[in-house]
There are 2 protein chains.
Amino acid sequence: MPEDREVTIYDIAKYLNLSAATVSRGLNDNPMISKTTRKKIVDAAKSLGYQSNTFASSLRSKQTHTLGVLVPRLNSHFMSSVLAGMEDVANRHGYNLIIAQSLEDVEKEKLNAATMFNKRVDGLLISLSYNTKEITHLDPFFQRKIPVVFFDRVPPHNESTSIVINNFSAAYAITKHLIEQGCSRIMHLGGNVLRNVYQERLNGYQQALRDYNLPFIEQFHLTSTLSEQAGTDAARYILDLPPEERPDAVFSANDTAAVYCMLALKAEGLRIPEDVAFAGFNNDPISRVIEPNLTTIDYPGDIVGNTAATNIINHLKGLSNLYTTNSITLRADLVIRASSLKTNYKN
Amino acid sequence: MPEDREVTIYDIAKYLNLSAATVSRGLNDNPMISKTTRKKIVDAAKSLGYQSNTFASSLRSKQTHTLGVLVPRLNSHFMSSVLAGMEDVANRHGYNLIIAQSLEDVEKEKLNAATMFNKRVDGLLISLSYNTKEITHLDPFFQRKIPVVFFDRVPPHNESTSIVINNFSAAYAITKHLIEQGCSRIMHLGGNVLRNVYQERLNGYQQALRDYNLPFIEQFHLTSTLSEQAGTDAARYILDLPPEERPDAVFSANDTAAVYCMLALKAEGLRIPEDVAFAGFNNDPISRVIEPNLTTIDYPGDIVGNTAATNIINHLKGLSNLYTTNSITLRADLVIRASSLKTNYKN
DNA sequence: TTGTAGGCGTTATCAC
DNA sequence: GTGATAACGCCTACAA
């Protein structure tokens with residue numbers, strides 16, 4: 001009758017007339033073990049079909065080699081690039097990823113954070129939900145000095161490391177570019193300013209307007225979820241304005257809204273960029289498919305993921321003090337494409 | 001001096017003059033516990049800052065409430081939809097996801113499978129890498145009767161459940177549609193036929209040709225990784241043919257290759273669908289941005305993920321016998337868009 | 001309804 | 001180099 005018990009280091013120990021302690025050491029490449037015994041142990045483990053039990057180990061060693069990743073949504077191009085970048089680094093260093101999504105809901109974020117804490121992740125990588133106002137739900141992590149790294153949507157002030165881009169200057173650069181193309185009535189499709197990224201993009205846009213002595217037109221600032229629908233709605237909004245009151249450019253805080261706005265305007269016969277120039281944000285694949293191709297900011301998700309994971313792992317390995325670095329700003333370049341090149345069409 | 005020890009159920013027990021067993025039961029909503037003691041326990045837990053330790057629990061109960069997810073790549077629209085769907089279901093049922101990518105490499109797939117086994121995931125959800133030929137690396141799971149559910153890229157014959165769509169009939173339908181639009185020289189951009197999905201799409205395409213008495217033209221079957229570059233290359237290939245030898249339609253096994261092929265052909269002045277009609281596969285966001293919009297097969301990733309996760313969780317909860325159902329085929333509808341509507345342009 | 005005791009599989013701390 | 005032993009934090013018979 002086949003016992004359904006796990007094969008443990010005790011089985012190996014008995015099999016080889018060794019102690020469990022020695023087997024454990026042999027399996028963990030402990031330098032105190034002689035080459036020969038180690039080989040015997042490894043061979044025996046293989047032939048007995050031994051598979052180490054990670055939590056028994058975790059329980060003792062207090063290390064799970066698992067990182068928690070908590071994001072608003074999994075299914076966006078940006079976020080999946082981030083995850084891919086994180087997974088790659090983590091895997092290389094022997095860490096696994098537990099991934100959960102808050103679906104833009106603080107309550108779910110709190111629940112997930114608690115679960116991850118209970119699973120004793122060695123570190124937490126997190127991008128905040130749409131309506132997260134404070135981060136006391138992360139206190140358990142702070143108290144136990146479990147490293148937390150924020151990325152993309154980060155909290156206002158905090159002790160932890162944040163991986164970000166300079167949203168302000170990116171938005172400034174893109175607005176400046178539109179202005180230099182001769183645009184003076186630039187509309188902005190923005191997101192919820194509770195989230196730093198959208199607030200900063202709005203700020204950059206406004207600062208550029210100020211610097212070039214252009215008025216900030218209140219009704220040219222639309223706030224939405226930046227969905228496809230929001231893009232289409234923005235187009236409707238524009239079309240409903242008398243032609244002379246319409247914007248001559250649109251800067252959207254993401255590519256999705258920009259693209260769907262463009263599509264809707266094109267469908268109504270407006271020419272891009274002649275009638276309305278366009279710029280987006282993220283460098284999503286759709287920005288290179290829409291015609292004309294969309295000017296945007298290259299926000300490199302994989303590098304964000306890589307950097308965040310590398311940073312937290314370095315800290316875990318004691319290679320760096322988390323509290324030395326407070327924030328890492330990655331570059332995010334302006335990618336100029338046809339949708340904003342009004343110049344060509346001037347004579 | 002603040003002890004850095006964890007708060008355990010023993011601390012709660014001592015605090016309340018109860019036994020650890022009672023505390024454990026109270027925390028787990030064991031019905032044998034009186035309302036009052038339970039409340040005392042829960043309150044004490046909160047005030048002492050108790051956080052349950054999942055793996056101490058797992059070690060005992062042999063349940064991790066964690067599902068392993070192993071995919072070729074994280075960063076595609078389809079896969080991130082799948083993951084989002086899985087996460088949603090899993091979360092709702094109290095399960096977590098450990099996610100890893102094989103990067104299309106069997107060796108990495110083996111390594112990741114072993115890690116997940118060692119982490120004692122309660123179940124494994126897997127889509128095979130590009131070059132996985134056999135699945136003996138999953139034997140540990142089979143032996144210990146840990147449920148494995150395959151999705152999208154599934155192995156040829158196996159005992160486990162597979163979540164798939166009918167790739168054959170989808171490809172057949174799309175090819176038939178192109179034929180009915182009057183196309184007779186249909187090119188197929190395919191993937192590696194080692195993977196069932198690409199083999200079946202090829203089969204469906206060929207069967208449709210046969211049924212309509214159209215010849216299968218060998219040089220109209222291109223195999224590639226279906227990347228953007230592959231799409232562009234295919235366009236070059238077409239343009240290098242003498243005009244009269246060119247295809248009058250292209251059916252690509254994914255949208256990416258289709259879209260980049262379209263873009264390159266359009267850039268050279270070919271009209272779509274008049275000169276070449278197009279159809280893709282997946283219903284990726286880019287298919288609704290390219291002009292004309294791309295006819296494609298709606299392959300609903302979120303539903304795949306939902307179904308896979310639901311299926312494995314039902315099994316874990318004993319709500320279904322995994323070995324009753326061998327395969328679940330989801331519907332994947334043909335979405336007809338302008339890129340294939342040649343009819344309109346005939347007189 | 002609550003308590004006692006033993007063990008899940010591993011690793012750390014001593015010894016030898 | 002290797003062995004014995006005691007934790008790690010929790011759960012679950014069994015007893016009371």
Side-chain angles (χ1 to χ4, degrees), chain A residues 3-42 44-45 48-66 115 117-122 140 144, chain B residues 3-42 44-45 48-66 115 117-122 140 144:
Chain A
E3 272 288 353
D4 200 30
R5 234 176 38 75
E6 300 207 0
V7 178
T8 74
I9 52 172
Y10 279 92
D11 299 319
I12 301 178
K14 201 174 301 173
Y15 181 75
L16 293 175
N17 275 319
L18 286 171
S19 75
T22 306
V23 174
S24 171
R25 289 193 267 254
L27 259 16
N28 290 304
D29 289 326
N30 185 310
M32 302 194 293
I33 296 293
S34 75
K35 280 241 179 270
T36 50
T37 31
R38 185 197 320 295
K39 181 155 170 37
K40 276 201 296 186
I41 292 170
V42 172
L48 293 181
Y50 168 79
Q51 301 276 159
S52 80
N53 184 324
T54 310
F55 9 95
S57 163
S58 295
L59 179 59
R60 205 47 248 250
S61 65
K62 304 208 174 292
Q63 289 219 10
T64 55
H65 287 280
T66 299
T115 311
F117 183 89
N118 288 350
K119 295 230 169 181
R120 298 296 190 273
V121 295
D122 287 346
R144 290 201 69 85
Chain B
E3 272 288 349
D4 199 28
R5 232 175 40 75
E6 298 206 0
V7 178
T8 73
I9 52 172
Y10 282 91
D11 299 320
I12 301 177
K14 201 174 299 170
Y15 181 74
L16 293 176
N17 274 320
L18 284 172
S19 76
T22 306
V23 174
S24 170
R25 289 191 268 254
L27 259 15
N28 290 304
D29 287 328
N30 186 312
M32 302 192 293
I33 296 293
S34 75
K35 281 243 180 266
T36 50
T37 29
R38 189 202 316 299
K39 177 151 172 46
K40 277 201 296 188
I41 291 170
V42 172
L48 292 181
Y50 169 79
Q51 301 279 157
S52 81
N53 184 323
T54 310
F55 33 87
S57 161
S58 294
L59 181 58
R60 225 17 271 246
S61 65
K62 305 212 174 288
Q63 289 221 10
T64 56
H65 287 280
T66 299
T115 312
F117 184 87
N118 289 348
K119 295 230 169 178
R120 298 295 188 274
V121 294
D122 287 346
R144 290 202 70 84

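Chain letters run A, B, ... following the sequence lines, proteins first and then strands; every chain starts at 1. Worth saying up front: this structure is predicted, and the values here are computed from it rather than measured.
When all heavy atoms are compared, the tightest approach of A:Gly26 to A:Ile33 is N-CG1, 4.0 Å. The two atoms that bring B:Lys119 and A:His65 nearest to each other are NZ-O, 3.2 Å, heavy atoms only. Of all heavy-atom pairs spanning A:Phe117 and A:Pro140, the tightest one is CE1-O, 3.4 Å. The heavy-atom pair separating A:Ala20 from A:Ala13 by the smallest distance is N-CB, 3.7 Å. Minimum heavy-atom separation, A:Thr64 to A:Ser58: CA-OG, 3.7 Å.
Residue A:Ala21 places its side chain closer to D:dG3 than to any other of C:dT10, D:dC10, D:dG3.
For the pair A:Thr8 and C:dG9, the criterion of a side-chain N or O lying under 4.0 Å from OP1 or OP2 is not met. Residue A:Thr37 places at least one side-chain N or O under 4.0 Å from the OP1 or OP2 atom of D:dT2. Distances shown here put a side-chain N or O of B:Ser24 below 4.0 Å from the OP1 or OP2 atom of D:dC11. Regarding contacts with the backbone of C:dT11, a side-chain N or O of A:Ser57 is found under 4.0 angstrom from either OP1 or OP2. A sub-4.0 Å separation between OP1 or OP2 of D:dC11 and a side-chain N or O of B:Asn28 is present. Proximity of A:Ser34 to the phosphate of D:dT2: a side-chain N or O atom is located under 4.0 Å from OP1 or OP2. For B:Tyr10, no side-chain nitrogen or oxygen approaches OP1 or OP2 of D:dA7 to under 4.0 Å. Taking 4.0 angstrom as the limit, B:Lys62 places a side-chain polar atom (N or O) nearer than this to OP1 or OP2 of C:dG9.
Distance, A:Leu59 CG to C:dT11 C1': 10 Å, rounded to whole Å. With rounding to whole Å, A:Ile33 atom CD1 is found 13 Å from C:dA12 atom P. Note: CG (B:Leu27) to P (C:dT2) measures 14 Å, nearest angstrom. When the C1' atom of C:dT2 is taken as reference, atom CD1 of B:Ile12 falls 16 Å away, rounded to whole Å. Rounded to an integer number of Å, the gap from CD of B:Glu6 to P of D:dA7 is 17 Å. Between A:Leu16 atom CG and D:dG3 atom C1' there is a gap of 15 Å when expressed in whole angstrom units. The interatomic distance linking A:Met32 (CE) with C:dT11 (C1') rounds to 11 Å, in whole Å. When rounded to the nearest whole Å, the span between NZ of B:Lys14 and C1' of C:dT4 equals 16 Å.
With respect to A:Tyr50, the side chain to side chain contact (heavy atoms under 4.5 Å, CB included) criterion is satisfied by exactly one of A:Ile12, A:Val42, A:Asp11, A:Ile41: A:Ile12.
Contact annotation for B:Asn30: no contact, since no heavy-atom pair falls under 4.0 Å across all strands. Counting non-hydrogen atoms under 4.0 angstrom, A:Ser58 reaches nothing in the nucleic acid. If you check every strand for non-hydrogen atoms under 4.0 Å, A:Asn118 touches nothing.
Comparing A:Gln51 and B:Leu18 by the nucleotide of DNA chain C that holds the closest heavy atom to each, the one mapping nearer the 5' end is B:Leu18. Nearer the 5' end of DNA chain C, as judged by each residue's closest nucleotide, is the contact made by B:Thr22, out of B:Thr22 and B:Arg60.
Checked by distance alone, B:Arg25 brings a side-chain donor or acceptor within 3.5 Å of a matching partner on the base of C:dG3.
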